[in-house]
Amino acid sequence: EDQVTQSPEALRLQEGESSSLNCSYTVSGLRGLFWYRQDPGKGPEFLFTLYSAGEEKEKERLKATLTKKESFLHITAPKPEDSATYLCAVQANTGGFKTIFGAGTRLFVKA
Amino acid sequence: GAVVSQHPSRVICKSGTSVKIECRSLDFQATTMFWYRQFPKKSLMLMATSNEGSKATYEQGVEKDKFLINHASLTLSTLTVTSAHPEDSSFYICSARERGRGRTEAFFGQGTRLTVV
């Protein structure tokens with residue numbers, strides 16, 4: 001069964017304190033791994049798609065990396081506006097485009 | 001680009017009535033649209049997948065007669081919650097995948113907060 005596990009559940013950082021969020025996955029053939037950001041009461045906002053082990057993508061203070069078993073979302077020098085829930089999701093290369101989401105990591109960045 | 005609009009953002013209805021939620025892709029054609037339900041501080045639970053012009057595929061445990069999905073065009077899908085009950089109160093979110101671009105990611109609407117009283 002395809003599964004996504006994110007850790008930690010919640011992370012509290014001081015402004016400027018870099019850290020990483022983890023996403024472990026098991027999937028029967030990976031088509032893509034996705035990272036989304038979700039603010040309270042809003043729909044998820046797309047951040048990155050990673051397709052193969054070794055791939056990296058960056059956007060402002062965020063950098064996503066992928067191995068065969070997990071993905072990391074690195075946050076460099078975070079600001080309070082980076083506070084949100086970060087969701088990881090995977091899509092198998094079978095079963096259409098069904099996407100399985102992890103429970104998310106709630107990030108709090110204090111000024 | 002890749003904007004998905006969901007309407008309404010909030011709705012309160014009486015128990016026993018039906019509610020329709022619309023999901024539109026504004027600047028692209030969506031081959032596939034997805035409907036999710038999200039409980040507080042929980043992840044997204046896929047309810048169903050809809051492809052334009054065909055019947056929706058529902059996930060196990062989701063009642064197809066209660067959650068009616070119509071995907072009549074490449075830019076519009078609707079979810080109707082029929083005979084709503086308080087336990088149907090939740091945050092419903094749609095997403096859409098762009099047609100033919102070879103991209104696999106889906107883009108999400110703003111979500112609809114449904115409260116059944």
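Throughout, a chain's letter reflects where its sequence line sits, starting with A, and its residues are numbered from 1. Remember, it's a predicted structure, so these values are computed and weren't measured experimentally.
- A/Phe72 and A/Leu47 end up in different hydrophobic clusters when Ile, Leu, Val, Met, Phe, Trp and Tyr side chains are linked at under 4.5 Å.
- No side-chain donor-acceptor contact under 3.5 Å links B/Glu105 and A/Gln91.
- Taken together through direct or relayed side-chain contacts under 4.5 Å among Ile, Leu, Val, Met, Phe, Trp and Tyr, A/Phe34 and A/Leu73 form parts of separate hydrophobic clusters.
- Heavy atoms from other residues, nucleotides or ligands lying under 6.0 Å from NZ of B/Lys66 number more than 12.
- Proximity to chain B is absent for every atom of A/Gln6, based on heavy atoms less than 4.5 angstrom apart.
- In this structure, no portion of B/Gln6 lies under 4.5 Å from any heavy atom of chain A.
- Looking at every heavy atom in both residues, A/Lys42 comes nearest to B/Phe91 through O-CE2, 3.7 Å.
- In this structure, chain B has heavy atoms under 4.5 Å from both the backbone and the side chain of A/Phe101.
- Only the side chain of B/Leu46 has a heavy atom closer than 4.5 Å to any heavy atom of chain A.
- Atom CZ of A/Arg61 has more than 12 neighbouring heavy atoms from other residues, nucleotides or ligands inside a 6.0 Å radius.
- B/Ile93 and B/Met33 fall into different hydrophobic clusters, where Ile, Leu, Val, Met, Phe, Trp and Tyr residues are linked whenever their side-chain heavy atoms come under 4.5 Å apart, directly or through other members.
- Atom CD of residue A/Gln38 and atom CG of residue B/Leu44 lie 6.0 Å apart, to the nearest 0.5 angstrom.
- The neighbour count for A/Gln14 CD, taken as heavy atoms of other residues, nucleotides or ligands under 6.0 Å away, is above 12.
- In this structure, chain B has heavy atoms under 4.5 Å from both the backbone and the side chain of A/Thr99.
- Hydrophobic clustering of Ile, Leu, Val, Met, Phe, Trp and Tyr side chains at less than 4.5 Å, counting indirect connections, unites A/Tyr86 with A/Leu13.
- Of all the listed residues (A/Gly43, A/Gly32, A/Pro44), the one sharing the greatest number of non-hydrogen pairs under 4.5 Å with chain B is A/Pro44.
- In plain terms, the two heavy atoms of B/Ser43 and A/Ala103 that are nearest each other are CB-CA, 3.4 Å.
- Residues A/Leu87 and A/Leu33 do not share a hydrophobic cluster, clusters being chains of Ile/Leu/Val/Met/Phe/Trp/Tyr side chains in contact below 4.5 Å.
- How far OG1 of A/Thr85 is from CD of B/Gln38: 8.0 Å, rounded to the nearest 0.5 Å.
- For chain B, the nearby part of A/Tyr36 is the side chain; its heavy atoms alone come within less than 4.5 Å.
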